Enquirer: 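Quick one: the structure is below, and I'll ask about it shortly.
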Amino acid sequence: MGAVVPRKPPVPPSPESGFVLPLALGVSMLLLLGSLSLQTVALQGHLDQVRQAGRGRDEDALVGASQRLVGEINRRHACLLSLPLSRWSQEGQSCASLPEQAALLGEAGSFGGRLLAWSPGATEAEALIEAEPAVHGGIARLAVFKVVLHADPLRAQSPQLLGLRGVAP
Amino acid sequence: MSLVELILASGLLLGSSAASLSVWNRVATTLLEHRVELEQIESLEAEVQALEARLRDPRQDPLGQELSCEEQLQRLVVRLENQPPQSGVVRTLEMPAGGELLLIHLQAGDQERRRLYSPAAFGGCGGDPAGLPAVAPAQALAEGGGNGAL
């Protein structure tokens with residue numbers, strides 16, 4: 001018969017046991033979450049910047065289109081300046097044939113954009129212009145321009161961008 | 001506190017700290033780059049605004065007088081050449097379409113803007129007498145009542 005070895009009593013868990021690992025885990029999570037939120041803020045800033053640069057390019061394309069359209073009307077079709085767009089096809093043919101009007105309205109697209117609306121007043125006109133989609137890589141933008149009308153001889157002067165009108169359908 | 005627990009916790013802290021530092025470093029670099037790009041975008045925008053103001057300045061020679069479009073174009077070019085671009089902005093002028101258009105190319109770092117102007121859009125050139133209307137704009141509007149398309 002062997003001697004009976006007395007069993008050691010189980011050691012009670014110390015109060016510090018299991019405390020360090022959860023603490024490290026929490027601190028690590030905080031660090032990583034902080035980093036991620038910082039990166040999100042940076043990305044958001046970058047997106048705003050890209051949007052701002054894109055808006056500048058949109059404005060450039062629309063200003064270019066307005067200059068070419070108004071220049072063409074001044075040069076060859078000044079009688080259209082006093083007529084709202086809805087009356088061009090009937091009363092505007094004295095200075096602009098229907099194919100020439102179609103070029104201004106974008107069916108030929110030779111001016112970097114097209115005229116969607118023309119509302120003349122006594123001394124000013126408002127023009128709604130859409131830039132060609134190809135200029136923006138597929139995104140067409142609209143803008144309203146104010147144009148000063150010079151009476152004698154009738155000419156449009158210096159189209160001025162009033163504001164962008166969002167993406168065309 | 002066992003040794004295994006201590007080693008695991010230290011490894012976790014070291015790993016997460018290294019990852020965070022790497023992200024912070026990248027974010028700081030990106031923010032610096034963005035700041036430079038933003039300054040370039042803003043200086044280009046300011047240059048575009050100055051350009052527009054210069055071209056539309058009523059104190060300059062009135063543009064509404066009869067000139068050939070070539071003369072008008074030269075006037076625009078002279079106006080711009082009298083106003084040097086802001087520091088950091090490179091401005092080049094081109095005349096595509098046989099001199100009927102003025103293309104202004106602005107560059108600041110990697111950012112660029114392109115503005116196209118037509119001398120005829122300033123109202124001082126290129127008018128065709130045959131294209132002039134028989135009625136004044138105000139009279140035509142009174143007759144038609146405007147289309148209210150906008």
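Quick note on labels: first sequence line is chain A, next is B, and so on, each numbered from 1. These numbers come from a predicted model, not from an experiment. Quick note: numbers below take in every heavy atom, side chains included, and nothing from hydrogens, waters or symmetry partners.
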Enquirer: Taking the side chain as everything from C-beta on, heavy atoms only, tell me whether Glu59(A) gets closer than 4.5 Å to Arg115(B).
Expert: yes

Enquirer: Report the option among Leu21(B), Val48(B), Ile41(B) that has the most heavy-atom pairs separated by less than 4.5 Å from atoms of chain A.
Expert: Ile41(B)

Enquirer: How far apart are the C-alpha atoms of Asp60(A) and Arg113(B), what are their side-chain angles, what is the distance that settles it, and do they pass the salt bridge (Lys or Arg N to Asp or Glu O under 4.0 Å) test?
Expert: CA-CA 7 Å; Asp60(A) 289 350; Arg113(B) 297 284 297 267; 2.8 Å; yes

Enquirer: Contact part of Ile73(A) toward chain B, heavy-atom cut-off under 4.5 Å: side chain, backbone, both or neither?
Expert: neither

Enquirer: What's the separation between atom CG in Leu6(B) and atom CG in Leu21(A), rounded to the nearest 0.5 Å?
Expert: 10.0 Å

Enquirer: Identify which of Leu32(A), Val63(A), Val70(A) forms the greatest number of heavy-atom pairs closer than 4.5 Å to chain B.
Expert: Val63(A)

Enquirer: So how far is it from Arg26(B) CZ to Leu38(A) CG, rounded to the nearest 0.5 Å?
Expert: 11.0 Å

Enquirer: For Leu38(B) and Gln52(A), work out which heavy atoms get closest and say how close.
Expert: CD1-OE1, 3.5 Å

Enquirer: If I measure from the heavy atoms of chain B, does Ala156(A) come under 4.5 Å with its side chain, its backbone, both, or neither?
Expert: backbone

Enquirer: Should Leu93(B) and Tyr117(B) be regarded as members of a common hydrophobic cluster, given that ILVMFWY residues are connected when their side-chain heavy atoms come within less than 4.5 Å of each other, either directly or indirectly?
Expert: yes

Enquirer: Any link between Leu76(B) and Val148(A) through a network of hydrophobic side chains (Ile, Leu, Val, Met, Phe, Trp, Tyr) touching at under 4.5 Å?
Expert: no

Enquirer: State yes or no: do Leu8(B) and Met29(A) share one hydrophobic cluster built from I, L, V, M, F, W and Y residues joined by side-chain heavy-atom distances below 4.5 Å, directly or via other members?
Expert: no

Enquirer: As an exercise, state the distance from CD of Glu37(B) to NE2 of His46(A), rounded to the nearest 0.5 Å.
Expert: 6.5 Å

Enquirer: Just wondering, do Trp24(B) and Gln39(A) contact through their side chains at under 4.5 Å, heavy atoms?
Expert: no

Enquirer: Given a strict heavy-atom distance threshold of 4.5 Å, which part of Ser10(B) is in contact with chain A: side chain, backbone, both, or neither?
Expert: neither

Enquirer: Any chance you could measure Gln111(B), atom CD, to Gln49(A), atom CD, to the nearest 0.5 Å?
Expert: 7.0 Å

Enquirer: By a 4.5 Å heavy-atom criterion (distance strictly below it), what part of Glu52(B) contacts chain A: side chain, backbone, both, or neither?
Expert: side chain

Enquirer: List the steps, then state whether side chain to side chain contact (heavy atoms under 4.5 Å, CB included) holds for Glu100(B) with Arg75(A).
Expert: CA-CA 11 Å; Glu100(B) 288 184 5; Arg75(A) 262 199 305 264; 3.8 Å; yes

Enquirer: Evaluate side chain to side chain contact (heavy atoms under 4.5 Å, CB included) for Phe122(B) paired with Gln67(A), printing each intermediate quantity in order.
Expert: CA-CA 8 Å; Phe122(B) 288 81; Gln67(A) 288 277 323; 3.6 Å; yes

Enquirer: Quick check on Leu31(B) against chain A: is it the side chain, the backbone, both or neither that has a heavy atom closer than 4.5 Å?
Expert: side chain

Enquirer: With a 4.5 Å heavy-atom cut-off, do Val27(A) and Leu13(B) have their side chains touching?
Expert: yes

Enquirer: Of the listed residues (Ser35(A), Ala65(A), Gly71(A)), which shares the most heavy-atom pairs with chain B below a 4.5 Å separation?
Expert: Ser35(A)

Enquirer: If I measure from the heavy atoms of chain B, does Gln160(A) come under 4.5 Å with its side chain, its backbone, both, or neither?
Expert: both

Enquirer: Quick one: do Leu12(B) and Leu31(A) end up in the same hydrophobic cluster if we chain Ile, Leu, Val, Met, Phe, Trp and Tyr together by side-chain heavy atoms under 4.5 Å apart?
Expert: no

Enquirer: Are Leu23(A) and Leu30(A) in one and the same hydrophobic cluster, where Ile, Leu, Val, Met, Phe, Trp and Tyr link if side-chain heavy atoms are under 4.5 Å apart?
Expert: no

